[in-house]
Amino acid sequence: MPELPEVETIARNLREGRLGLQVPGQVIVDISNDWERQIAAPDWKTFRCKLRGQTILDVQRRGKYLVFPCTKGTLLIHLRMSGDILLVDHQEPAGGHEHTVFHFASGWSMRFSNTRKFGRVWYLEDPAEIYDRLGPEPLGSEFTADWLYTELTKRRRKIKPLLMDQTFLAGMGNIYTDETLHRAHIHPERTSDTLSRQEAESLWQNIRSTIEEGILRQGASIDWIYRGGDFQNTFQVYRRTGLPCPTCGTPVERILVGQRSTHFCPKCQPETQP
DNA sequence: CACGAGACCTGTTCGC
DNA sequence: TGCGAACAGGTCTCGT
């Protein structure tokens, strides 16, 4: 589910107290867990032991990871497809999918709701081991049009799976990739090294503007997972199969690319370079 | 190196 | 109405 804009929104909400509690400054008195596989590293016992008593100093984001720097090490959470973070009073009855709960000294709990159990939690002395495997941030200064063009040229991969490869670029998911490629008029199956300099420039521009708009709109809320955002109201192609392309009226098509549902306009995004 | 298939999970929606 | 199939915002591993 959550891609960069949704994770960024959650991080800001937790950091700024928009869910009723500011997480920075909270002291973790204990952690409970009813599904150990959710703890990716270290093992659950060590995780609980090491994190108990620590203070959360901040809430940040890197790629699609939520990052909680603590007194000693760093807590990281990846929400994957169906994860969410809830802040509630200790007394609040538990939902059915909250497998890891952080109990704060303030009487509040931070619960990791994770319906499909894909999400994972880490406690690391040094988060570099996660960061090192991630590509640049789309809104960061290392991600330039020059860099993108050069890197596209070095590979011969379909553009959509490449943009979603977190080691290439950190944060793009299925929604934002489909919307970005539509805005840039690039077919999702174009091979990366066939993009012209001008197309790479447009792609760079549209990656940034799509992500920025997603953050401004506080992400997308679709299906039964409501996150408060309204980016879904601006979708041009994502999950709009058969509906007219807002630009040219041609029905939006759905194909599979890299096993992922892919939506595009066959007229605005031709397979061959115009 | 690039790609496809399968795995990991539960819930909702769709088609007959 | 009921029931199985398809599908869902992500990532990992394995085989070709």
Side-chain angles (χ1 to χ4, degrees), chain A residues 1-11 34-41 61-66 76-85 95-100 112-122 129-135 138 151-182 188-194 210-211 213-215 217-242 254-263:
Chain A
M1 98 4 75
E3 306 178 28
L4 193 157
E6 288 77 27
V7 179
E8 177 64 29
T9 301
I10 292 169
D34 68 1
W35 196 67
E36 292 190 24
R37 276 165 58 193
Q38 185 159 75
I39 314 295
R61 177 197 57 75
R62 173 75 172 97
K64 298 175 192 170
Y65 289 83
L66 281 169
L76 295 106
I77 298 179
H78 197 305
L79 304 170
R80 294 276 174 90
M81 291 284 262
S82 58
D84 202 359
I85 303 290
H97 304 287
E98 297 155 16
H99 305 296
T100 304
F112 180 13
S113 167
N114 188 13
T115 309
R116 289 177 70 183
K117 295 183 172 173
F118 287 165
R120 291 292 181 269
V121 182
W122 294 256
E129 59 182 278
I130 298 270
Y131 296 173
D132 288 351
R133 286 184 281 121
L134 295 175
E151 295 300 316
L152 291 178
T153 310
K154 286 185 193 167
R155 293 155 235 247
R156 310 189 105 201
R157 290 179 60 182
K158 287 181 183 173
I159 191 67
K160 171 164 175 178
L162 180 58
L163 293 178
M164 290 178 68
D165 181 341
Q166 303 299 298
T167 68
F168 181 75
L169 184 62
M172 297 284 283
N174 214 27
I175 294 176
Y176 292 89
T177 306
D178 279 4
E179 292 299 316
T180 294
L181 289 171
H182 178 263
E189 295 186 292
R190 287 278 301 283
T191 304
S192 56
D193 70 349
T194 68
T210 306
I211 291 283
E213 202 180 318
I215 293 173
R217 291 183 167 272
Q218 306 194 65
S221 308
I222 56 183
D223 285 352
W224 77 105
I225 303 182
Y226 177 70
R227 288 173 202 282
D230 70 339
F231 187 68
Q232 70 278 10
N233 297 327
T234 76
F235 288 170
Q236 308 283 292
V237 288
Y238 184 75
R239 288 219 198 170
R240 285 177 45 82
T241 312
R254 174 182 177 276
I255 56 174
L256 278 183
V257 182
Q259 348 253 99
R260 302 304 299 277
S261 204
T262 299
H263 315 77

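Proteins get letters first, then strands, A, B, ... in listed order; numbering begins at 1 in each.
Distance noted for atom C1' between C/dG9 and B/dC3: 23 Å (whole Å). Rounded to whole Å, the C1' atom of B/dT12 lies 22 Å from the corresponding atom of C/dT11. A gap of 14 Å separates the P atoms of B/dA5 and C/dC7, to the nearest Å.
Side-chain atoms of A/Q166 lie closest to C/dT11 of the nucleotides C/dT11, C/dG9, B/dA5. Distances were taken from every side-chain heavy atom of A/E3 (C-beta onward) to each of C/dG9, C/dA8, C/dT11; the shortest belongs to C/dG9. Between C/dA8, C/dG10, B/dT10, one nucleotide has an atom nearer to the side chain of A/K117 than all others, and that is B/dT10. Of the candidates B/dT10, B/dG6, C/dA8, the closest approach to any side-chain atom of A/R239 belongs to C/dA8. Picking from B/dC3, C/dT11, B/dG6 the nucleotide with the shortest atom distance to the side chain of A/K64 gives C/dT11. In this structure, the nucleotide among C/dA8, B/dG4, C/dT11 sitting nearest to the side chain of A/M81 is C/dA8.
An aromatic stacking contact between A/F118 and the base of C/dT11 is absent, as defined here by ring centres under 5.5 Å apart and ring planes under 30° from parallel.
Side-chain N/O atoms of A/R157 include one lying less than 4.0 angstrom from OP1 or OP2 on B/dC3. For A/K154 and B/dC1, the shortest distance from a side-chain N or O to OP1 or OP2 is not below 4.0 Å. For the pair A/K160 and B/dA2, the criterion of a side-chain N or O lying under 4.0 Å from OP1 or OP2 is not met.
To the nearest 0.5 Å, the span separating OG1 on A/T262 from CD on A/E189 amounts to 7.5 Å. Atom CD1 of residue A/I215 and atom CG of residue A/L4 lie 5.5 Å apart, to the nearest 0.5 angstrom. Atoms NE2 and CD, from A/H78 and A/Q166 in turn, are 6.5 Å apart once rounded to the nearest 0.5 Å.
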Identify the pairs formed between an N or O of the protein and an N or O of nucleotides 11-16 of chain B at a distance under 3.5 Å, and give each distance.
residue, atom, partner, partner atom, Å
B/dG11, OP1, A/H97, NE2, 2.8

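Regarding A/E151, its CD atom lies at a distance of 13 Å from the P atom of B/dC1, rounded to whole Å. Look at CH2 on A/W35: it is 8 Å from C1' on B/dC8, rounded to the nearest Å. Atom CZ in A/F168 sits roughly 15 Å away from atom C1' in B/dC1 (whole-Å rounding). Distance A/H78 NE2 to C/dG10 C1': 6 Å, rounded to the nearest Å.
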* To do: Taking Watson-Crick and G-U wobble pairs with both distances under 3.5 Å, convert DNA chain B into its dot-bracket string, 5' to 3', dots for unpaired and | for cross-strand pairs.
  => .|||||||.|||||||
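Heavy-atom nearest nucleotides on DNA chain C were determined for A/Y65 and for A/R254, and the one closer to the 5' end corresponds to A/R254.
For an aromatic pair to be called close, the ring centres must be under 6.0 Å apart, and A/F231 with A/Y176 satisfies this.
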